[in-house]
Every structure is written in C-alpha cells, then in structure tokens.
Amino acid sequence: MADYDNHHHNHQVVSKETAFQALNTIIQLHFEKTLEKKRAIDLQKKELHKLFQIFFIFLSLIFLAQTNSSSRLQCRHCWIPIILLSMAHLIFYVSVAQTLRCINGFKYQRRCHKLTLGLATEKLREMKIRLMSSGNEFDGVVGDEEFEIHYQEPPESYFGKFKRNWALHFGFLILIYAFMVSSSVVLLCF
C-alpha cells in the first residue's frame, strides 16, 4: 500500500515530445471550442434579431390598426389594444430573456475556453523558450505539472458586462412599451 501511495504522490515525468503533443492537443481543443461557441453566439444573435423584427412588425400592425380605426373605437375601448400590447410585450420579454441567457452562457463558456487556450499557449511557449535557451541540452523529460492545464474561469467582474447588456435591453423594451401604451391612449381618447 505504501508503494501505491508513493507512486501516486510523486510527480511523473514524461518526454518533451509527449508534453508538446499534450499542450498542442489542449490548444487545438480549446481553439475549436472557442470557434464553436462563437458560432452558437452568432446563431442566437440572429434569433434575437428575428424576434425583434417580428415584434416590431406586430407593433406596427397594432399601431396602424389603431390609427385607421380610431373613429370606430372609443376611449373606453383602449384597454383592448393595451391588453394586446401587454401580452405581446410579456411574451417578447420572456423570449428575449431566454435568448440573452443563452447568448451570455455561450459568451461565458467562450471566455473560459479563450483563457484556457491562452494559458496553454503560454506554457507551450515557455517550454519552447526553455528548450531553445538550453541549446538542446534539455534532458528530454518534463514533470507532468509543466503541461497540466486547468479549465480557467473569468473573474467575477466579468459578469458586470452581462448585467449591463441585460439592463440596456430591458430599458429599451420598457421604453417601447410606454410609448405604445401612451400612443394608444392618445389616439383613442384625444
């Protein structure tokens, strides 16, 4: 049992080629993951733009219907378009919130992969510099801790960017809602 414990607590040594290959594999993996997350972000952004387009078309149709039928509808009927607008906004808010959550999740994962990629690249560069500075007198082995790369996560301050993005979208939507409700009341009651 003592041999087993000693064997697993000692640092293992591997050849420099194995270390280079391991670091290159890590770099390739995180580079591919970074590109994959970028494509997922772009796809979600297209979905978000499509949601905005559909929503604004709906709002313009409601607004157009109000302006064309203001003679038939009275002020007491303004609750109908306001309820329609409220329901549309609620559905739209939920859809935007879900899409933004996906975008922010992909951005966070992409950032983690980029940080890990940067760390792996830096370790590979350091190993190559050490090899070149030793003039090929490098002993050909490295400790496994030399090329062990842990998954990196951004600092807590990174989340502030997501909160600002969400606040900006939410403020914009509230402004649109206030404008549509007030214009409905003005068109139908005055």
Side-chain angles (χ1 to χ4, degrees), residues 1-56 91-174:
M1 183 72 175
D3 291 335
Y4 178 79
D5 287 338
N6 288 337
H7 177 68
H8 285 283
H9 289 296
N10 291 336
H11 294 291
Q12 296 182 2
V13 262
V14 294
S15 70
K16 66 181 179 185
E17 290 82 18
T18 304
F20 285 145
Q21 185 179 10
L23 284 172
N24 282 327
T25 302
I26 291 169
I27 290 169
Q28 183 65 31
L29 171 77
H30 287 287
F31 180 73
E32 288 172 3
K33 288 291 186 181
T34 301
L35 292 177
E36 176 185 313
K37 298 305 174 189
K38 171 76 170 109
R39 285 189 291 272
I41 291 168
D42 291 344
L43 189 64
Q44 288 296 317
K45 283 183 179 179
K46 284 181 184 177
E47 185 69 29
L48 187 64
H49 290 297
K50 191 186 310 179
L51 281 171
F52 270 102
Q53 288 173 347
I54 291 170
F55 182 65
F56 284 123
I91 292 167
F92 183 67
Y93 289 172
V94 170
S95 300
V96 167
Q98 179 63 23
T99 306
L100 284 176
R101 190 174 73 75
C102 290
I103 289 172
N104 289 341
F106 288 138
K107 281 184 177 181
Y108 179 80
Q109 292 171 354
R110 181 173 178 232
R111 181 71 179 153
C112 292
H113 287 298
K114 284 174 84 172
L115 289 172
T116 308
L117 174 66
L119 181 63
T121 304
E122 182 64 25
K123 284 210 178 195
L124 182 63
R125 187 180 68 76
E126 288 172 4
M127 284 177 63
K128 285 182 178 180
I129 288 173
R130 200 171 32 158
L131 177 66
M132 291 173 74
S133 67
S134 67
N136 283 337
E137 293 174 17
F138 192 54
D139 61 3
V141 292
V142 293
D144 61 351
E145 70 279 349
E146 295 270 336
F147 64 93
E148 185 175 313
I149 306 293
H150 296 285
Y151 189 69
Q152 302 294 303
E153 292 190 20
E156 286 295 317
S157 62
Y158 186 72
F159 289 109
K161 183 172 133 180
F162 298 136
K163 291 175 185 172
R164 285 190 303 273
N165 189 17
W166 174 246
L168 183 68
H169 278 86
F170 189 72
F172 179 67
L173 294 175
I174 292 297

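Position 1 is the first residue of the sequence, and the numbers go up from there. Computed from a prediction, not measured in an experiment: that's the story for all the values here.
- For Y93, the side-chain contact (heavy atoms from CB on, under 4.5 Å) partners are H89, L173, I174, Y177, not counting sequence neighbours.
- One distance of note links SG of C112 with CG of L117; it measures 12.5 Å at 0.5 Å rounding.
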Extract all donor-acceptor atom pairs below 3.5 Å that involve side chains of residues 39-47 and protein atoms in other chains or at least two apart in sequence.
{"unit_1": "D42", "atom_1": "OD1", "unit_2": "K38", "atom_2": "NZ", "d": "3.0"}
{"unit_1": "D42", "atom_1": "OD2", "unit_2": "K38", "atom_2": "NZ", "d": "3.3"}

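- Considering every non-hydrogen atom in both L115 and E153, the closest pair reads CD1-C, 3.8 Å.
- A distance of 11.5 Å separates NZ in K33 from CG in L35, rounded to the nearest 0.5 Å.
- Atom CD1 of I129 and atom CE of M127 lie 12.0 Å apart (nearest 0.5 Å).
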Without placing hydrogens or testing angles, list every side-chain donor-acceptor pair under 3.5 Å for residues 48-55, not counting sequence neighbours.
none

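- Note that CG of L124 is 11.5 Å distant from CG of L119, once rounded to the nearest 0.5 Å.
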Could you list the donor-acceptor pairs under 3.5 angstrom formed between side-chain atoms of residues 20-31 and any protein atom two or more places apart in sequence or on another chain?
{"unit_1": "N24", "atom_1": "ND2", "unit_2": "F20", "atom_2": "O", "d": "3.2"}
{"unit_1": "T25", "atom_1": "OG1", "unit_2": "Q21", "atom_2": "O", "d": "2.8"}
{"unit_1": "Q28", "atom_1": "NE2", "unit_2": "E32", "atom_2": "OE2", "d": "2.7"}
{"unit_1": "H30", "atom_1": "ND1", "unit_2": "H113", "atom_2": "ND1", "d": "2.9"}

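- In this structure, E126 has no side chain to side chain donor-acceptor pair (under 3.5 Å) partners at least two apart in sequence or on a different chain.
- For Y158, the OH atom is densely surrounded, since the number of other residues' heavy atoms within 6.0 Å is greater than 12.
- Residues in residues 104-119 take part in no salt bridge (charged side-chain N to carboxylate O under 4.0 Å, His left out) pair, two or more places apart or across chains.
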